[in-house]
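This report refers to the structure that appears directly beneath it.
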There are 2 protein chains.
Amino acid sequence: MTKQDIGVWDVCTNSALRRASRQLSQLYDDVLAPSGLKITQFSLLSQIWRSGDASLKTLADLMVMDLSALGHTLKPLIRDGYVELVPDRNDRRVKRVELTPLGARKQEEALALWTEAQTRFEKSYGKAQSDALRKSLNIIAGSSFADAFRNA
Amino acid sequence: MTKQDIGVWDVCTNSALRRASRQLSQLYDDVLAPSGLKITQFSLLSQIWRSGDASLKTLADLMVMDLSALGHTLKPLIRDGYVELVPDRNDRRVKRVELTPLGARKQEEALALWTEAQTRFEKSYGKAQSDALRKSLNIIAGSSFADAFRNA
DNA sequence: GCTATTTAGTGGTATATGCCAGTAAATTGA
DNA sequence: TCAATTTACTGGCATATACCACTAAATAGC
């Protein structure tokens, strides 16, 4: 029975996390499709808006993303005119990530679709459960958790 | 306060999921590094072992992964001699995914490292919480959840 | 003030993952 | 039995994400 009935995701938290990510991103992507944005891109645009004119480094840290990965991920958004990288005046190493007006409009347009998706999620999974789940996930994404893990 | 203090991950379950995935995969990858496998590859090898000689399609469904995505992801593992695709005798469309002896050895070798990572996770996050989290994630990854979401 | 070190980004390469179009094999239906 | 449909897989292209090596700029130490 063991080998057949139990999947890695029943045992490995990371597998479970990635597997759930694939499914949920799929579901959100389907809802977002009319906007032409994927949920990853919408999240990024939203966070860029929230963070004002954060530097690439700052944004990468917030997103818990590798700096170069963020750079690559931004490329399509820059190409499509939603995002701009503005060199900092004081520190010439730094580039600030900004939404263009077009990007802001696009984010707003997609927001309605995202709300739809989020609502469906909460209807299916439960509002309280959703809130609790996000909190759990945000603990895992935090730097204190990473420290704890590394020292455990 | 709003814009600055709250990240997308505080609002969007999908963002929270992906962000936590990035961090956790990172942490597991670091522990697995000596084996030369990433946690994604280890998970796949483990599931292939568990599933016996499942077809690509079956495995993709189990992993909640696109069929072609699975094919792509297997390529490095096939190239390195850990996995083999064996054509089915009865249905010539079907290919069965099998671990080679080398792949079995590699998975076993990495298992010790994975156990270390999993143990650290449970020490940092809590054993009961980990179990509960996996259950939650597996609900989200399930097909009944997808149906519920789509009909919500 | 100058050198050593640290910090921020870029570009290349590799894996992870999805969509679409195409092919071949099996199955269904008249 | 044979054409229409469905199923399983492949290959090409695109995004997501990481590592590494490299460059340029700032900063710390002396």
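From a predicted model like this one, the values you see are computed outputs, not experimental measurements. Because only heavy atoms are used, hydrogens play no part in the values below, and waters and symmetry mates are left out as well, while side chains stay in. Protein chains get the first letters and strands the later ones, always in sequence-line order, with residue 1 at the start of each.
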Qualifying salt bridge (Lys or Arg N to Asp or Glu O under 4.0 Å) pairs with a residue from residues 18-32 of chain A, counting only residues at least two apart or across chains
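Qualifying pairs: none.
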
Please collect all salt bridge (Lys or Arg N to Asp or Glu O under 4.0 Å) contacts where either partner lies in residues 94-116 of chain B, sequence neighbours excluded, each pair once.
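The answer is B/D88-B/R96, B/K106-B/E109, B/E116-B/R120.
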
Tell me which donor-acceptor pairs under 3.5 Å the side chains of residues 33-46 of chain B have, and how far apart each pair is, sequence neighbours excluded?
from  : atom 1 : to     : atom 2 : distance (Å)
B/S35 : OG     : B/L32  : O      : 2.7
B/S35 : OG     : B/L37  : N      : 3.1
B/Q41 : OE1    : B/K38  : N      : 3.1
B/S43 : OG     : A/S15  : OG     : 2.7
B/S43 : OG     : B/I39  : O      : 2.8
B/S46 : OG     : B/F42  : O      : 2.9
B/S46 : OG     : B/Q107 : NE2    : 2.8

Between [X] ([atom1]) and [N] ([atom2]), how many Å, whole number?
X     : N      : atom1 : atom2 : value
A/L74 : D/dT15 : CG    : C1'   : 12 Å
B/L77 : C/dT17 : CG    : P     : 11 Å
B/L70 : D/dA8  : CG    : P     : 14 Å
B/L17 : C/dT17 : CG    : C1'   : 15 Å
A/L24 : C/dT17 : CG    : P     : 15 Å
B/M63 : C/dG18 : CE    : C1'   : 15 Å
A/R18 : C/dA16 : CZ    : C1'   : 7 Å
A/D66 : C/dA16 : CG    : C1'   : 15 Å

Looking at residues at least two apart in the chain, or sitting in another chain, which of them share a salt bridge (charged side-chain N to carboxylate O under 4.0 Å, His left out) with A/D91?
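Residues passing salt bridge (charged side-chain N to carboxylate O under 4.0 Å, His left out) with A/D91: A/R93.
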
Identify, with sequence neighbours excluded, every residue that meets salt bridge (charged side-chain N to carboxylate O under 4.0 Å, His left out) alongside A/D61.
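A/K57.
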
For residues 63-75 of chain A, run the donor-acceptor check on the side chains, cut-off 3.5 Å, and write out each pair with its distance to 0.1 Å, sequence neighbours left out.
from  : atom 1 : to    : atom 2 : distance (Å)
A/D66 : OD2    : A/S68 : N      : 2.9
A/D66 : OD2    : A/S68 : OG     : 2.7
A/D66 : OD2    : A/A69 : N      : 3.2
A/T73 : OG1    : A/A69 : O      : 2.8

Short side-chain N/O contact from B/R22 to OP1 or OP2 of D/dA16, under 4.0 Å
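Checking B/R22 against D/dA16: no side-chain N or O falls below 4.0 Å of OP1 or OP2.
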
At under 4.0 Å, does any side-chain N or O of B/Q26 touch on OP1 or OP2 of D/dC19?
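Checking D/dC19 against B/Q26, a side-chain N or O does come within under 4.0 Å of OP1 or OP2.
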
Could you go through nucleotides 22-29 of chain D and list every protein N or O atom that sits under 3.5 Å from one of its N or O atoms, giving the distance for each pair?
from   : atom 1 : to    : atom 2 : distance (Å)
D/dA26 : OP1    : A/R92 : N      : 3.0

Near DNA chain D, counting only heavy atoms under 4.0 Å, which residues of residues 143-152 of chain A show up?
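Heavy-atom cutoff 4.0 Å gives no residues at all.
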
Can you give one letter per nucleotide of nucleotides 10-15 of chain C, going 5' to 3': B for a protein heavy atom under 4.0 Å from the base, S for sugar-phosphate only, - for none?
SBBB-S

Return the set of residues passing ring-ring contact (aromatic ring centres under 6.0 Å, His included) with B/F121 (not counting sequence neighbours), or none when no residue passes.
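Here the qualifying residues are A/F145, B/Y125.
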
Starting from the 5' end of DNA chain C, give me the residue, A/V94 or A/D30, whose nearest nucleotide shows up first.
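Upstream on the strand: A/V94.
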
Donor-acceptor pairs under 3.5 angstrom involving side-chain atoms of residues 126-133 of chain A: please list them, not counting sequence neighbours.
from   : atom 1 : to     : atom 2 : distance (Å)
A/K127 : NZ     : A/D131 : OD1    : 3.2
A/K127 : NZ     : A/D131 : OD2    : 3.3
A/S130 : OG     : A/G126 : O      : 2.6
A/D131 : OD1    : A/R134 : NH2    : 2.7

Residues which pass side-chain hydrogen bond (donor to acceptor under 3.5 Å, both in side chains) with B/K123, listed by chain and number, not counting sequence neighbours
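Counting only residues at least two positions away or on another chain, B/K123 forms no side-chain hydrogen bond (donor to acceptor under 3.5 Å, both in side chains).
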
